[in-house]
Amino acid sequence: MPRDQAQGEVRPLGLPSMDQALGGGLPAGRLHELFPAHAQDEASALGFAVMLVACLTQGPGKLPTLWLREEAVQRRAALHGPGLVDLGFDPARLILGVLPDPKSLLRAGADALRCSALGVVVLELSGNPPVLDLTATRRLALAAEESGVTPLLLRLRGARPAPNGAQTRWQGAAGAIAPLRGRG
């Protein structure tokens with residue numbers, strides 16, 4: 001029986017209004033999609049994805065996260081361990097997969113979602129590749145429901161929303177911050 005689906009497990013995000021709107025938290029074992037609101041918000045969307053991973057993988061067992069990225073993206077901007085720590089995620093629980101193209105990334109993601117030894121699989125994609133269609137996302141969603149592993153579809157670098165099999169769609173944007181004392 002699937003790990004999380006059997007219990008209808010949800011993971012609280014720690015924001016009461018958001019958790020209430022989600023029925024207690026983010027459903028585990030379901031496909032969730034994340035976008036930046038604007039091109040300049042990509043770092044915010046990526047940071048939000050890291051914080052969601054931290055929420056989804058906390059607690060007993062602390063299962064590892066598989067983060068799949070395209071090779072061209074990894075060459076330009078690698079994930080930064082100390083930054084992951086600052087956002088509440090332990091990089092020692094991260095497995096990084098670098099793949100040559102979106103088709104390989106989606107195939108590896110669907111295979112990885114069948115491994116119940118993982119907590120989360122992040123599929124980071126650029127733009128709107130033609131292989132990311134309703135069939136591909138439905139395949140990811142079904143694999144997640146079967147295993148209880150939660151996939152996060154992180155869509156960056158010019159991606160636009162399109163119909164897919166995700167249960168939730170999130171949009172990340174930078175917000176205003178309060179000035180620090182001493183003009184820090």
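Heavy-atom basis, side chains included; hydrogens, waters and symmetry copies ignored.
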Decide yes or no for L94 and P64: does some side-chain heavy atom of the first lie under 4.5 Å from some side-chain heavy atom of the second?
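No, every pair of side-chain atoms sits at 4.5 Å or beyond.
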With side chains defined as the heavy atoms from C-beta onward, is the minimum distance between L123 and L153 less than 4.5 Å?
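Result yes, sub-4.5 Å side-chain heavy-atom pair found.
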Can you name the residues that form a salt bridge (charged side-chain N to carboxylate O under 4.0 Å, His left out) with [X], not counting sequence neighbours?
| X | result |
| --- | --- |
| R107 | none |
| E124 | R69, R157 |
| D133 | none |
| R169 | E33 |

For the backbone of S126 and the side chain of R155, can you confirm whether one donor and one acceptor N or O come within less than 3.5 Å of each other?
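Not confirmed, R155 side chain does not pair with S126 backbone.
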Check whether any side-chain N or O of S147 sits under 3.5 Å from a backbone N or O of L113 as a donor-acceptor pair, and report yes or no.
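Checking the backbone N and O of L113 against the side chain of S147, a donor-acceptor pair under 3.5 Å is found.
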So, using side-chain contact (heavy atoms from CB on, under 4.5 Å) as the criterion, who are the partners of [X] when residues are at least two apart?
| X | answer |
| --- | --- |
| A54 | F89 |
| R160 | N128 |
| A77 | none |
| L134 | T137 |

Tell me the ring-ring contact (aromatic ring centres under 6.0 Å, His included) pairs involving residues 109-134, sequence neighbours left out?
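Listed once each, the pairs would be none.
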Name all residues meeting the side-chain hydrogen bond (donor to acceptor under 3.5 Å, both in side chains) criterion together with [X]; count only those two or more places apart in sequence or in a different chain, and write none if there are none.
| X | result |
| --- | --- |
| D90 | none |
| Q167 | R30 |
| D41 | none |

Report the C-alpha separation of K62 and T57 in whole Å, then their side-chain angles, then the decisive distance to 0.1 Å, and conclude whether the side-chain contact (heavy atoms from CB on, under 4.5 Å) test is met.
CA-CA 5 Å; K62 293 190 178 185; T57 58; 6.0 Å; no
Pair L34-L154, side-chain contact (heavy atoms from CB on, under 4.5 Å): steps then yes or no
CA-CA 5 Å; L34 296 89; L154 178 58; 4.0 Å; yes
